[in-house]
Amino acid sequence: MGRRREKMTEYERRRLENIKRNEQMLAALNIQSRLNDLTTAKRQRDQSKSYKRSPIKKPKTEGPVVLRRSLRTRGVPPDAATASGLSDDIDDKKQMEKTSPLKSFSAERKSPRKQGPLQMKDAYSNDDESDRKLIETISQCFENSLMSERDTVDLGSSKFLEKKEGYGAFEPGKRVLGSVDVEALQLKRDNVARLVSGRITSLRFFPTLGMSMVVVGNKFGNVGFWNVNAEKEDGDGIYLYHPHPGPISGIVIDPFSISKVYSSCYDGFIRLMDVEKEVFDMVHYSEDSIYSISLSPNDTKSLYFSEGMGVVSMWDMRAGKSSFSCDLHEKRVNTLDFNSGNGNLMATSSTDGTACIWDLRHLSAGKPKSLKTVDHKRSVHSAYFSPTGKFLATTSIADKVGLSSGSNYEDTSMIYHYNQTGRWISPFRGIWGWDDSSIFIGNMKRGVDVISVEEKKTVATLESDYMSAIPCRFDAHPYNVGMLAGATSGGQVYIWTP
DNA sequence: GCCTGCCTTATGGAC
DNA sequence: GTCCATCCAGGCAGGC
């Protein structure tokens with residue numbers, strides 16, 4: 001079962017005491033048996049749900065969502081804020097007290113906003129079982145990958161090409177895109193789970209053949225892990241942490257060291273979960289919101305991230321400081337991606353309505369010029385290079401998926417795709433499959449559309465009765481061709497397999 | 001041009 | 001089965 005429990009809070013203790021008192025009163029009134037009937041009826045309804053869920057009701061521990069605005073966006077100079085005695089924490093506490101009916105709970109709520117390292121055991125939120133198995137699994141897989149050349153990632157070439165060779169002896173007449181028969185992809189009942197509560201904002205597969213594990217981030221700052229192939233005796237294979245105070249904007253796993261998982265947050269934190277040290281180390285803290293992160297394929301010690309209104313910076317892990325910072329867009333940068341064929345090329349997508357390709361060698365302070373700009377007129381929520389790097393796929397609120405190709409990406413086609421997700425569903429982002437032939441993107445009818453690069457249109461849709469919500473974030477397993485993960489705004493994850 | 005308010009959507013939980 | 005709260009988007013209209 002996809003159980004997810006959080007540590008008992010002061011609020012919950014008080015609540016349980018109240019429940020106990022009420023039960024005593026009900027017993028005195030002799031109506032307990034009727035309540036039991038109602039509980040049974042509710043349990044039956046719960047079991048009819050298609051997804052895995054906890055049998056124990058979880059109290060809402062996330063508290064009210066607090067809007068965080070940087071000094072910069074508020075137009076307040078840092079000195080002025082300090083002088084007036086304001087801090088984010090104080091600001092937030094005041095806002096919590098104003099907006100939450102649970103004042104005492106909100107004020108006492110322990111927030112991972114504190115700077116500095118955070119022990120994994122302190123951030124661990126499942127109180128029913130230990131995270132020891134997760135740590136052992138990742139550590140073991142990391143050690144195995146060090147010993148096996150097979151797991152070594154060559155970031156200088158396509159991350160998929162080597163693995164896809166020899167894959168797929170498909171029946172003629174089937175919808176085969178490149179190396180994958182998309183009609184053969186299926187969603188098994190066991191490959192559906194709810195990892196976290198609320199909206200999933202980021203999703204990643206661990207880049208290793210050794211295991212099928214996904215990591216997700218949600219809007220409350222939780223990070224959830226799911227070992228899809230966990231043995232039954234090891235429980236459900238789901239582990240939940242709370243290392244961030246706000247929505248997780250990006251997750252990146254070091255392909256050369258899968259025991260290192262980076263995560264960024266709207267609240268300005270970048271943390272590195274180091275499984276060997278069992279810590280969520282603080283890599284960087286910014287006054288501005290961080291909207292995306294990406295590792296350089298040329299140097300995995302260089303972490304690129306976007307912050308505030310269009311700024312892209314690089315954090316040098318060795319030096320422990322920011323190496324450069326450029327103002328690349330008018331508004332927030334939603335994604336950063338690197339070209340696997342040429343690590344100097346970086347693609348950005350922005351709410352300013354454009355997606356751009358930049359040459360890192362020619363980025364300088366001030367207003368640098370992009371190699372290529374794809375103009376969507378309205379917000380662009382993703383810009384991803386294809387596995388070989390020959391294409392760039394951009395997804396926009398303007399109901400378009402852009403496809404750029406050519407030696408300088410000068411040929412751009414616009415493919416219609418309905419992208420009006422509204423307020424509650426994270427904007428769709430078209431991702432590449434395991435080769436340059438297809439793009440996977442969610443649709444509002446609880447399906448996954450497959451766009452053919454050759455035909456420049458949607459050619460297939462993955463659908464399943466087990467998919468009870470709209471999948472809006474995806475990741476293709478880097479080595480298991482045909483293994484596709486989709487995540488929803490309800491905290492569920494679906495794993496499609498060949 | 002800037003600010004404010006309104007509208008849209010899907011989901012899970014409570015009842 | 002129905003209702004309601006959610007609320008870290010984004011566009012648009014209207015007012016200043």
Side-chain angles (χ1 to χ4, degrees), chain A residues 2 4 34-35 37-39 41-46 48-70 73-75 88 91-92 95-96 98-102 113 194-202 217-221 244-250 264-269 286 288-292 306-309 330-334 349-353 376-382 395-399 418-429 442-447 467-473 487-492:
Chain A
R4 188 183 59 75
R34 175 62 184 146
L35 267 180
D37 291 345
L38 290 171
T39 310
K42 186 178 187 306
R43 199 176 301 130
Q44 282 167 351
R45 280 200 301 274
D46 286 349
S48 69
K49 296 267 187 182
S50 61
Y51 47 78
K52 299 175 181 181
R53 59 182 305 172
S54 167
I56 296 172
K57 183 181 156 301
K58 186 192 88 61
K60 268 197 169 181
T61 57
E62 290 80 11
V65 174
V66 179
L67 277 172
R68 176 179 182 275
R69 290 193 176 85
S70 70
T73 52
R74 281 181 288 178
D88 278 351
D91 243 5
D92 291 350
Q95 198 158 348
M96 276 181 175
K98 206 161 76 177
T99 56
S100 170
L102 308 169
R113 174 154 296 167
R194 176 169 293 153
L195 271 63
V196 291
S197 64
R199 181 191 304 188
I200 290 176
T201 49
S202 305
N218 74 353
K219 66 174 180 177
F220 298 122
H244 286 287
I248 309 282
S249 51
S264 63
C265 167
Y266 276 31
D267 282 50
F269 287 89
S286 166
D288 288 317
S289 291
I290 294 177
Y291 293 112
S292 55
S306 67
E307 57 183 327
M309 298 293 272
E330 296 296 320
K331 292 185 178 174
R332 56 185 266 186
V333 173
N334 297 307
S349 64
S350 170
T351 299
D352 69 7
H376 277 279
K377 308 288 188 221
R378 291 170 68 185
S379 290
V380 189
H381 275 279
S382 67
T395 308
S396 152
I397 287 289
D399 293 337
Y418 185 76
N419 293 332
Q420 303 304 308
T421 52
R423 188 179 186 178
W424 314 120
I425 308 295
S426 297
F428 292 144
R429 293 175 174 177
N443 72 31
M444 293 299 279
K445 294 177 180 171
R446 298 176 184 174
M467 204 151 66
S468 59
I470 295 167
C472 47
R473 291 291 145 90
T488 75
S489 284
Q492 294 132 309

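We name chains A, B, ... by the order of the sequence lines, and we start the count at 1 in each one.
- Tyr266(A) has a side-chain polar atom (N or O) that falls below the 4.0 Å cut-off from OP1 or OP2 of dA9(C).
- For the pair Lys219(A) and dT6(C), the criterion of a side-chain N or O lying under 4.0 Å from OP1 or OP2 is not met.
- When the side-chain nitrogen and oxygen atoms of Arg446(A) are compared with OP1 and OP2 of dT11(B), one or more of them lie within a distance under 4.0 Å.
- Judged by distance alone, the side chain of Ser426(A) and the main-chain N or O of Cys472(A) form no donor-acceptor pair under 3.5 Å.
- Stacking between Trp424(A) and the base of dT11(B) is absent under the criterion of ring centres within 5.5 Å and planes under 30 degrees.
- Here the side chain of Arg194(A) pairs a donor or acceptor atom with the backbone of Gly490(A) at under 3.5 angstrom.
- Within the 4.0 angstrom heavy-atom criterion, only backbone atoms of the sugar-phosphate kind lie near Ser379(A); the bases stay farther away.
- Counting non-hydrogen atoms of other residues, nucleotides and ligands closer than 6.0 Å to CD of Glu330(A) gives a total of 12 or fewer.
- Between dT11(B) and Gln492(A), no contact under 4.0 Å exists linking OP1 or OP2 to a side-chain N or O.
- Among dT11(B), dA9(C), dG12(B), the nucleotide with an atom closest to any side-chain atom of His381(A) is dA9(C).
- Map Lys331(A) and Arg199(A) each onto its nearest nucleotide of DNA chain C; the residue landing nearer the 5' end is Arg199(A).
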Query raised in the report: Hey, mind stepping through Ile397(A) and Gln420(A) against side chain to side chain contact (heavy atoms under 4.5 Å, CB included) and telling me if it holds?
Result: CA-CA 6 Å; Ile397(A) 287 289; Gln420(A) 303 304 308; 4.3 Å; yes

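- For dC2(B), the paired nucleotide is dG15(C), the pair qualifying as Watson-Crick or G-U wobble because both relevant distances are below 3.5 Å.
- You'll find that the side chain of Ala469(A) is closest to dT11(B), out of dA9(C), dG12(B), dT11(B).
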